[in-house]
Amino acid sequence: MPVDRLLPTPESEDLLALVTEIARDELKPRASADEEAERFPRDLFTLMGKSGLLGLPYSERWGGAEQPYEVYLQALEEIAGAWMSVGVGLSVHTMSCYALAHYGTEEQQDRWLPDMLGGSLLGAYALSETQAGSDAAALSTRARLSEDEYVVNGTKAWITHAGVADFYTTMVRTSDDGGHGISCLLVDSSTPGLSAAPRERKMGLTGSPTAQLLFEDARVPADRLIGGEGAGLKIALSSLSSGRLGIAACAVGLAQAALDEAVEYAKGRTQFGRPIADFQGMEFLLADMAATVESARATYLDAARRRDRGLDFQRQSSIAKLVATDGAMKVTTDAVQVLGGAGYTRDFPVERYMREAKVPQIFEGTNQIQRMVIARSLKNA
């Protein structure tokens with residue numbers, strides 16, 4: 001069922017109408033088959049780029065749409081509701097552009113952002129390592145400056161779009177000064193010495209490749225350093241605050257899709273001479289699912305509006321990510337229950353939704369980390 005949205009301008013209403021059309025006509029019909037075949041839909045990212053969707057929150061100067069996060073996130077929600085892998089991929093690409101858009105020099109921005117936002121280039125965000133997940137400051141991938149190049153060695157883990165991206169926004173260690181020794185490099189995928197390991201065999205989001213990224217004496221030009229040496233952790237944490245809102249929006253889209261499937265099935269499934277939607281036990285279950293979805297949407301929109309107004313939104317971002325992803329896990333699980341045995345089969349998409357709902361509780365900072373961020377914010381207020 002269409003979501004009843006409150007959008008700030010007629011322009012944003014037209015934009016959401018376009019996004020809804022693309023999601024309905026181009027994404028949703030392919031999602032189940034491509035997920036089962038583990039096919040990455042690169043052509044759809046090209047389409048979204050040509051439609052102006054890969055640069056929604058960024059400046060028109062570089063080909064972006066200069067939309068507020070309030071609008072960008074609702075567009076992202078629509079895409080994720082049609083195909084979660086594509087929604088997460090769009091969120092990751094947007095976050096991959098963040099460092100350059102907010103910390104790069106004008107020369108760097110003019111050189112690379114137009115292709116990054118226009119669909120010619122697809123991005124990936126390389127922060128995590130096997131021993132540096134939640135503890136990002138512990139990363140060990142090292143970059144040593146040699147004349148006009150950084151020589152990079154190490155392994156990044158759990159990288160969305162590894163092996164298919166055109167650029168990697170990569171956090172590396174340039175000194176041993178803890179969190180102050182981390183820097184950000186914009187690494188071209190064709191860099192000699194850079195490769196991707198075989199794809200991880202995942203529970204869900206199988207249409208989106210995730211793999212380790214291997215640096216073996218990879219030589220990255222020094223002019224691809226973003227924000228100066230030592231600025232990497234600051235850039236990474238700032239990127240994640242916005243990126244968590246993207247994941248919250250994706251989770252809400254997924255939960256909305258599961259709710260829609262559950263409602264339609266409950267209205268059409270008859271037992272004891274009545275649609276099961278008419279039984280009070282089912283009514284209460286569907287009502288709780290709807291309340292969870294709409295509460296999560298309101299939570300991420302509140303954080304987005306604070307961001308758009310230049311207010312602090314870190315705590316609200318963590319709350320939104322926590323509420324939306326925990327909510328999506330519950331709603332998708334309940335959707336399988338509504339469909340009963342049918343929901344446990346691949347004849348219906350809700351079992352896929354349930355599998356896809358798990359990882360948003362983990363990436364962009366686990367939900368346990370979000371609780372720590374929220375609690376620290378309360379204690380330091």
Side-chain angles (χ1 to χ4, degrees), residues 1-13 15-17 19-20 23 56-57 67-82 84 87-88 90-91 94-95 240-263 283-335 353 356-357 360-361 363-367 369-371 373-375 377-378 381:
M1 64 187 73
V3 176
D4 185 15
R5 300 189 184 278
L6 296 176
L7 294 162
T9 64
E11 178 190 12
S12 61
E13 292 173 357
L15 172 63
L16 263 292
V19 171
T20 301
L56 286 177
Q67 290 295 316
Y69 249 63
E70 173 187 0
V71 174
Y72 156 63
L73 292 178
Q74 293 188 78
L76 184 58
E77 181 194 327
E78 287 285 345
I79 291 169
M84 185 64 166
V88 169
L90 176 56
S91 180
T94 301
M95 186 170 67
L240 286 169
S241 290
S242 295
R244 284 168 184 153
L245 292 181
I247 296 306
C250 287
V252 171
L254 183 65
Q256 181 71 57
L259 172 62
D260 291 346
E261 287 285 340
V263 169
E283 289 178 330
F284 283 8
L285 181 58
L286 294 172
D288 284 347
M289 292 165 70
T292 298
V293 172
E294 297 208 17
S295 297
R297 181 179 293 118
T299 303
Y300 87 62
L301 285 173
D302 174 69
R305 289 165 182 149
R306 292 181 63 88
R307 184 190 188 281
D308 291 336
R309 287 156 179 75
L311 302 174
D312 180 70
F313 69 99
Q314 184 180 30
R315 181 174 75 205
Q316 288 77 13
S317 176
S318 289
I319 291 173
K321 197 267 187 183
L322 171 65
V323 167
T325 58
D326 280 356
M329 191 73 256
K330 181 179 187 303
V331 169
T332 55
T333 302
D334 287 344
Y353 296 161
E356 291 173 341
Q361 295 179 301
F363 55 27
E364 308 287 356
T366 67
N367 283 6
I369 291 293
Q370 304 315 313
R371 289 177 170 89
V373 171
I374 295 163
S377 175
L378 294 173

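Residue indices begin at 1 and follow the sequence shown. Since the structure is predicted, the reported quantities are computational estimates derived from the model, not experimental observations.
- Closest approach of L245 to Y69, counting heavy atoms only: CD1-CD2, 4.3 Å.
- Annotation: side chain of L240 is in contact with side chain of R244 (closest heavy-atom distance under 4.5 Å).
- K321 has its side chain within reach of N367: a pair of non-hydrogen atoms, C-beta onward, lies under 4.5 Å apart.
- Taking the side chain as every heavy atom from C-beta outward, T94 and L76 never approach each other to under 4.5 Å.
- With sequence neighbours left out, D308 forms a salt bridge (charged side-chain N to carboxylate O under 4.0 Å, His left out) with no residue at all.
- Taken to the nearest 0.5 Å, the CE atom of M289 stands 10.0 Å off from the CD atom of Q256.
- Nearest heavy-atom pair, S91 versus G243, reported as atom, atom and distance to 0.1 Å: OG-O, 4.0 Å.
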| message | Test side-chain contact (heavy atoms from CB on, under 4.5 Å) on L56 and L90; report intermediate values, then the result. | response | CA-CA 10 Å; L56 286 177; L90 176 56; 5.6 Å; no
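- With a 6.0 Å radius and a threshold of 12 heavy atoms from other residues, nucleotides or ligands, L6 has its CG atom at or below the threshold.
- Residues L16 and V71 form a side-chain contact, since some pair of their non-hydrogen atoms from C-beta on lies under 4.5 Å apart.
- R371 CZ to I374 CD1: the interatomic distance, rounded to the nearest 0.5 Å, is 7.5 Å.
- Residues C250 and V88 share a closest heavy-atom pair of SG-N, 3.8 Å.
- For the pair A290 and L259, the tightest heavy-atom approach, listed with the atom from each and the gap, is CA-CD2, 3.7 Å.
- Here E364 contributes atom CD and S241 contributes atom OG; the two are 10.5 Å apart, rounded to the nearest 0.5 Å.
- A donor-acceptor contact shorter than 3.5 Å links the side chain of Q370 to the backbone of G365.
- Side-chain atoms of E11 and Q67, non-hydrogen and from C-beta on, do get closer than 4.5 Å to each other.
- The stretch residues 283-292 participates, sequence neighbours left out, in no side chain to side chain donor-acceptor pair (under 3.5 Å) pair at all.
- When atom types are taken as modelled, the side chain of S317 and the backbone of F313 share no donor-acceptor pair closer than 3.5 angstrom.
- Residues satisfying the salt bridge (charged side-chain N to carboxylate O under 4.0 Å, His left out) test with E356, not counting sequence neighbours, are R352.
- For the pair T366 and I369, the minimum side-chain heavy-atom distance is below 4.5 Å.
- Rounding to the nearest 0.5 Å gives a distance of 12.0 Å between CD1 of I247 and OG of S242.
- With a 4.5 Å cut-off on side-chain heavy atoms, Y300 and Q74 count as touching.
- R5 meets the salt bridge (charged side-chain N to carboxylate O under 4.0 Å, His left out) test with E77, E78; sequence neighbours excluded.
- Between the side chain of T332 and the main chain of A258, no donor-acceptor pair closer than 3.5 Å is present.
- Closest of all the heavy-atom pairs between A75 and V19 is O-CG1, 3.5 Å.
- Scanning both residues, A23 and I79, for their nearest heavy atoms gives CB-CA, 4.5 Å.
- Side-chain atoms of D302 and R306, non-hydrogen and from C-beta on, do get closer than 4.5 Å to each other.
- The side-chain hydrogen bond (donor to acceptor under 3.5 Å, both in side chains) check on E70 picks up R305, with sequence neighbours excluded.
- For E294, there are no salt bridge (charged side-chain N to carboxylate O under 4.0 Å, His left out) partners at least two apart in sequence or on another chain.
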